[in-house]
Every structure is written in C-alpha cells, then in structure tokens.
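In what follows, a single structure is set out as structure tokens and then discussed.
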Amino acid sequence: YPGVGNVQNAIAYAANHGLACFPLKNPDGSWIYSTPHLNYKVANGRHIVYGNGNNINLDRKTDFANTTELTINPIKQLSIVGNFTYRFHQNRNTNRSTNLVYSDYPGQFGAYTTGAGENNLYEVAQTTNYLAANAYVTYEDTFGKNHNFKAMAGFNYEDYYYKAFSATGYDLITDELNDLNLITTTKQPVVTGGQSLYALAGFFGRINYDYKGKYLVEVSGRYDGTSRFKAGQRFGLFPSFSLGWRISEEDFYTPVKDVMNDAKIRFSYGSLGNQQVGYYDYIRSVSLSTQSYLFGGGKSSTASYGAPVASNLTWETVNQMNLGLDLAFFNNKLTFSGEAYIRDTKNMLTTGKALPSVYGASAPKTNNADLRTKGYELMLTYKDQFMLLGKPFAYNVTATFNDFVGHITRFHNPDKELSTYYEGMKYGEIWGYTTDGFFATDEEAKSYKVDQSPVNSIIYSSTGENLGLRAGDLKYVDLDGDGVIGKGTNTVGNPGDRKVIGNSQPRYQYGATVGFNWAGLDFSLFIQGIGRQDWYPGADARYFWGLYARPFSSWIQKDFLERCWSEENPDAYFPRPRAYIAMKDGRALATVNDRYLQNVGYLRLKNLTVGYTLPEKWTDAVKMQSVRVYFSGEN
C-alpha cells in the first residue's frame, strides 16, 4: 500500500487489526484493508476504500568528527599535550503527502484530503555542533631508583549547541514536485524552531607515587562547572585517592611466592559529579500562545508561566569506597580479582518532596534524595598452553560474578507514600497484590464477599455490583481484611492489600569468556546473564496478554489458547478469556500481582568469533604483514 509510513509499524498494526476473517479485496478488486492507518470507513453502509495516495519520507544525515592533537616533550620527563575535537551532525527530513483517491463503487472516485490524505510538505533541519578542548601537562621521574613519581594537571572545556528549524506548507500546485514555494493555499504555513546549548569547564589533576612497586598511592581530583545550574551553584570539587600494597614484594612473602606469585590489597575512596538534568531546569519557563477569544478585533497573543522550579539545583555527587584483592597463582596462570564497594549517591537529582494538591503544580526536580548501594564484583581467570600436534595450543577461561542492592537513605516523604521514594526503600521494589489462583466454580465466585472492583473494574459496576465474576476469574486476596481489594492509604504503614512482591533491579549478574589460539586458528566465546530481574507486563502489554488486551488480535496461536482457563483446563496459566481485562489500569490483569510477575533473568550468548590467520610465509611472499579471515556474531 503506497499511502504508508514505516514498514515495521505497518506489520505490527496489521498483526493487531487485520483479522484473519477479513476478505482481502472488494468485488471490484480494490483492497479492503491497509496499514498502518485505518484507511477505510463506513459511509451509508458501504466501504469507502482509499488508494493511489502518495507519501514520501526522506531522511538525510550528515556526521563529521575530527580530533587534532599536539604533543610536546621539552625534556624527557615532561610532556605537554593539547587536543581539540569537533563534531558536526545534521538531520534533514522531508515528508511529502498528497491526496488519497478512493473508490466507493467501480468508476466513481473521490479525494480524501484530510489527515493522512492531506496535500502538504513538511521539512525540518536539525543541526548539532560540539567541540571539546583539553590541555594537560605530565611530569614523570624516578628518584634514588626506588621512588617513582608522576604528576599530571590540566584543563577541559566542552561546548554543545543545537538548532532546529521546521516548516509545513499546504496544497502544493503539483503532486510531483516538493518545494515550499509551490504552496498555493490560504491556509497559513506552520513554522517552528528551537535551540539549546550547554557548556562544561573543569580543572583536573593526579599525583602517583610508588616505592619499589610495593606501596602505591594515587591522589586525584576535579573541579568542574556546568551551565545547567545557576551562577553560584555551577561548580563542584570531586577529590579521590587510592592506596595499594603489593604484599608479594615483601621479604616475608618469599616462602609462598612460587605458588601465589602476586598478591595485592587496594583501597580507594573517590567522588564523581553528575549534572544530568535539563539544560535550563533552574529557570522558570514562559509559554506563548494565542487567545481563543477576540480582543480589539483579533486574537491576542498571551504568555504564561510554567510550573515553579527549584533555583538551588546543583551537582549530584557519588562517593564510593572500594576494597579490593588481587591474587595470581602458578606463574600467573590463575588470577583472581575481588572487590567490595559502598556507593553513596548524595543530593540525587530527582522529583521533589510531595506537595499538597492545593499547590497547583507538580513538584520541581531538586537535590532531594540520597541512595546507598552495596555490592561486590568477582573475576577468576585461567590461561595456559600446551603442545598439540607440534604446535602450541593457548587457551583462556574467565568467569565473572557481581551483585548489588541499593536503599534510599534520605527523602522528604514523612508519610512514606508509595507513589514516590521513601527512607528505607529498597531501590526498584515492586508492590503488588497477592492472588489465590482462580475461582473453581461460578458458585464460589458469586459467594466471594470481597469487593474486587478497584482491581477488576470491567467486571464490576460503578457501585461495586458483581456483574459476572465467574469460574476461571482471578481471585485477589484480602490481606488487610477490610472486605475490599485496594491500596489503603497508599503508604508503607497502610498499603492496603499490597506488599513487596519483587524488584526491578538486576541481581546476580554473571558472565564467562572462553578462547583459544592454535595454528593460526582463533576462537572466542562470550556469554552473559542475569540471575533475577522482576518485571510486570503492565497495561496493554499486548504481546504478552494477547486476547486479554486486544481480543481482535489475529496473531493469537493455538498454543496460547491452550494456556487459557476452561472447564477442561482448570490448571491453566491464564484466567478465563475476557476481552480488555489487561488493557487499562484497574483491570484484573493490568493490576500488578504476584501470579504474573515475570523473572526476566537470562543467559545469553553475546559474542562468538572464529578466525584464521594465514601463515606468515604466505603473507611475506606478497609483502603483507598479516591476513586474517574471521566470522563474528553478536547478540
């Protein structure tokens, strides 16, 4: 169908709406159905079928990036580096649509001139310019053979500018050409624009010292400023330091060094700044519009304030402590690295404290919360080689495992309302209802004295009357015993019939890499997974709920229907088939509950690479250093 936009959307739309029972064409040969727009309607009981429309969408993108660097070494120990990066990106889009011609009966034609069938031209140009400059000096020297010293200091600057322009014109004099000069209508063209910019500037430095490679010290810091906060709030200082002790270099370690070749303990404490908010969130916006009534013979322009903002926005700071252990065994064939950390996110840039409804606006984003995360990371690697058919076979295996849990340690929510953060909250927690399977019989459903209307509105009337709760419908458990399935006061102290049933954060993340090299052949395999991560398929997650969200979906398979409750299949996964009960909040399946909470943890093959490097005697003969043929697959 020519009057179309995106092929992917067209397929999805057809899958949802193109019922298998639809005939494909009218008797005159015209198509009954087209996608992704519902391009047919009923007029006087007859189908009006559209066709012969024209919709052209052309995207043109330009990307350019360049980095220039200069390094000067006035003396052996001193290095002076300066670099400059410039990036240019432009996206230009042209969208042209023309009238859609339709046929009511064979030989009778008309034009559809609104919506998708309107004759118009839309053009937009979006341009981004980014530049960054760095200048730093490094000094490195050794004193008395055992004292190694290195110092670095520098300056960083970034500048970003975005500009957009778009125009829409109507009723072009020809369907064949695309230019805004071809506009002939009295309908006013629509012209819009927009621009934004931000800048960053910072000073940074680092000092490293070690004694005989045994005692290691590093001190570093940044002093950064951003245009995203108002004057007086723009700069932040973020210091860091780390200590290391290579125990294996001590004299007392000698007896075990043949087995445990290397041992190192390290500790670090550091801070980083985060300024990721909107470019102008500290400025209250003003919106322009046109009055809907006449004043002085015409419609006047108006200006109105946006929602209040927090003028004291400043940097969010992440402070982290790490304690690590590095070990190596059997001539470094087996290595282990373990690390435990505590990360404190201070002054989180998040939604402000809860405000009463009489405030009249949403709470502005502020530095309003603290989050503490505790976690650990483990890595074990084994690598070795042996002779295979007279050639060395080198192989390596690496396994990783990590986990973390976060808690909100500060947030102004004295009532601990569940609609936002609260102190003590486990980050990512999911509150939901408890279910007790399905009603076994119609009699059990009718005699159930608990009002499920807040979570099953489609089966209940507005007054709470049971309009048809039956066998196979989902049974919610009344945990608080008040006779109504609900949220209570929506607080931690009174959550109604809800409780914590899961967590949206990933847990128990793991991975492994396996590789080998032999006779020019190389192989690498990388797998990665998550042990647990909870997710609830919310309202209108149609590709999970199927007919429960959209009963007209034509892609429902027979094996899906076999998982639905029936008198012959009372132990099914899904309840009695009912239309739309997963389509909106407040309905039986769109309401978060423990039965349909999903563990989306996985084990995935992320990369597989197989390669072969030609023997050097072949490549040397043609004056080439190396030739490798390989296959690589990514997931």
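None of the values given here were measured: they were computed from a predicted structure.
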*Are side-chain N/O atoms of Ser166 and Thr192 paired as donor and acceptor at under 3.5 Å?*
yes
*Could you tell me the separation between the OG atom of Ser227 and the CG atom of Leu200, rounded to the nearest 0.5 Å?*
6.5 Å
_Within the supplied structure, the quantity of interest is the number of heavy atoms (other residues, nucleotides, ligands) at a distance under 6.0 Å from Glu176 CD; does it exceed 12?_
no
_With no hydrogens and no angle check, just 3.5 Å: does a side-chain donor-acceptor pair link Thr94 and Arg60?_
yes
*Could you state the interatomic distance from CD1 (Ile527) to CG (Leu608), rounded to the nearest 0.5 Å?*
12.0 Å
*CD of Gln275 to CD of Glu316: how many Å apart, nearest 0.5 Å?*
10.5 Å
*For residues Asn402 and Arg507, is any side-chain donor paired with an opposing acceptor at under 3.5 Å?*
no
*Decide if atom CD of Gln77 counts as having more than 12 heavy atoms of other residues, nucleotides or ligands within a radius under 6.0 Å.*
yes
*Counting heavy atoms not belonging to Tyr305, are there more than 12 under 6.0 Å from its OH?*
no
*Cut-off 3.5 Å, side chains only: do Asp159 and Tyr157 have a donor facing an acceptor?*
yes
*Carefully, step by step, assess Glu377 and Tyr341 under the rule side-chain contact (heavy atoms from CB on, under 4.5 Å).*
CA-CA 9 Å; Glu377 300 175 356; Tyr341 62 87; 4.2 Å; yes
_By the definition side-chain hydrogen bond (donor to acceptor under 3.5 Å, both in side chains), identify the one residue from Thr127, Thr128, Asn129 that meets it with Gln90._
Thr127
_Counting only heavy atoms from other residues, nucleotides and ligands, does the tally under 6.0 Å from OH of Tyr630 exceed 12?_
no
*Is it true that the side chains of Asp522 and Ser524 contain a donor and an acceptor less than 3.5 Å apart?*
no
*After noting the C-alpha distance and the side-chain angles of Tyr136 and Arg206, does the key distance pass the side chain to side chain donor-acceptor pair (under 3.5 Å) rule?*
CA-CA 11 Å; Tyr136 56 95; Arg206 183 178 66 235; over 6 Å; no
_If we count only N and O atoms by modelled type, under 3.5 Å, do the side chains of Asn83 and Glu69 hold a donor and an acceptor together?_
yes
